[in-house]
Amino acid sequence: MAADIDWASLGFGYVKTPYRYVSNFKDGKWDEGGLTEDDKVVITECAGVLQYAQQVFEGLKAYTTVDGRIVTFRPDLNAERMVTSAKRLEIPPFPAERFLEAVDEVVWANRDYVPPYGSGASLYLRPYLFGSSAVIGVKPANEFQFRLFATPVGPYFKGGVKPITIRVSDFDRAAPRGTGHIKAGLNYAMSLHAIVDAHNCGFDENMYLDPASRTFVEETGGANFLFVTKDKRVVTPLSDSILPSITRRSLCYVAEKYLGLKVENRPVRLDELQDFAECGLCGTAAVISPVGKINDHGKEIAFPSGMEKMGEVTQQLYDTLTGIQLGKIKAPDGWIREIKK
Ligand SMILES: *Cc1c(COP(=O)(O)O)cnc(C)c1O
């Protein structure tokens with residue numbers, strides 16, 4: 001029985017679903033864990049997550065393919081990335097195999113909330129790990145919780161694709177040798193002021209530069225950049241403080257193996273942006289969101305692809321990757337994980 005939801009008008013907001021997965025780490029080990037209907041987290045007022053932001057998270061989607069299967073896209077990479085993130089914040093990693101089981105269980109239990117094929121909507125999954133025991137002197141907690149909940153989200157491009165305008169930010173996102181490469185709530189906490197300010201100034205997003213020299217492009221608050229040159233090479237910025245987007249890595253593979261394009265992952269200078277033909281932001285939410293303009297302190301870089309549609313190569317990348325995700329194009333081995341009883 002499908003849930004009574006108008007998938008097309010659904011936005012990106014939290015909608016409670018019946019089941020979530022919880023496991024607790026105590027006395028040096030993760031407990032058995034399992035599904036629960038309880039959406040409330042009860043922790044001490046002094047929990048490590050509340051005092052010193054000891055938290056990491058992931059984000060992925062479940063959706064229905066053209067032939068009616070419920071699937072997730074490369075969840076093994078989310079599991080692996082969460083292990084890396086956890087280690088950097090002194091959180092005991094949640095084992096990757098158990099992460100995948102939790103994904104399967106939560107999606108299956110909430111299968112009525114997986115939107116149908118063609119709706120453009122999906123079931124967003126949010127796994128996260130946090131310090132749950134009391135910490136007042138600065139140190140890691142010794143008890144932790146892993147949770148994974150699901151919330152249905154609407155189509156990203158409602159009413160059609162609209163290229164966005166971004167500005168070069170005067171704030172930095174991640175310090176050199178800091179935590180920019182891990183998926184932690186703390187990286188988002190510090191981006192909130194910058195994004196509110198960008199919106200107040202009429203921009204959709206911030207482009208962050210490398211904080212050491214401010215000459216190279218890093219990423220936005222929650223998505224990696226992808227550029228296309230005039231001779232159709234795909235270029236993505238290389239830096240130790242960029243979060244390794246699974247979507248970006250998948251798009252680079254698709255560019256090379258499906259579209260026969262050359263791909264370069266290398267440092268990208270701010271002053272070479274004007275030479276690119278197309279620009280997009282890659283992440284689970286949109287797959288690729290086209291960028292029409294970048295504003296660098298009043299100096300505007302307008303990509304030839306314009307403000308009406310995606311660039312040609314961006315569109316091909318988008319169509320191919322979404323085609324793979326939805327089962328319309330044959331996926332590379334191991335990219336699609338079917339969820340079944
Ligand atoms: C999650 C995230 C991305 C996108 O990664 P995907 O795996 O493609 O969803 C990009 N940048 C940052 C900072 C992120 O947190």
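Keep in mind that what you see is a predicted model, and the values were worked out from it rather than measured. When a ligand or atom number is given, it counts from 1 through the structure's own listing order.
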- Note on the structure: In terms of heavy-atom contacts, His193 and Phe171 come closest through CD2-CZ, 3.4 Å
- Which heavy-atom pair separates Thr314 from Met310 by the least distance, and what is that distance? CG2-SD, 3.9 Å
- Under 3.5 Å, is there a donor-acceptor pair linking the side chains of Ser250 and Arg74? yes
Write out each pair where an N or O from ligand 1 and one from the protein are under 3.5 Å apart, with the distance.
unit_1   : atom_1 : unit_2 : atom_2 : d
ligand 1 : 7 (O)  : Arg81  : NH1    : 2.9
ligand 1 : 7 (O)  : Arg81  : NH2    : 3.1
ligand 1 : 7 (O)  : Ile246 : N      : 2.9
ligand 1 : 8 (O)  : Ser245 : OG     : 2.6
ligand 1 : 8 (O)  : Ile246 : N      : 3.3
ligand 1 : 8 (O)  : Thr247 : N      : 3.0
ligand 1 : 8 (O)  : Thr247 : OG1    : 2.6
ligand 1 : 9 (O)  : Thr284 : N      : 3.0
ligand 1 : 9 (O)  : Thr284 : OG1    : 2.5
ligand 1 : 11 (N) : Glu219 : OE1    : 2.6
ligand 1 : 11 (N) : Ala223 : N      : 3.4
ligand 1 : 15 (O) : Lys183 : NZ     : 2.7
ligand 1 : 15 (O) : Tyr188 : OH     : 2.4

- Query: Going by the angle between their ring planes, with limits at 30° and 60°, are Phe149 and Tyr128 parallel, tilted or perpendicular?
  - Reply: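 Phe149 vs Tyr128 ring planes: perpendicular.
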- Query: Any Lys/Arg nitrogen of Lys232 or Glu312 sitting under 4.0 Å from an Asp/Glu carboxylate oxygen of the other?
  - Reply: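 Yes, this pair counts.
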- Please step through ring pair (Phe, Tyr, Trp, His ring centres under 6.0 Å) for the pair Phe94 and Phe99, ending with a clear verdict. CA-CA 7 Å; Phe94 193 65; Phe99 179 106; 7.5 Å; no
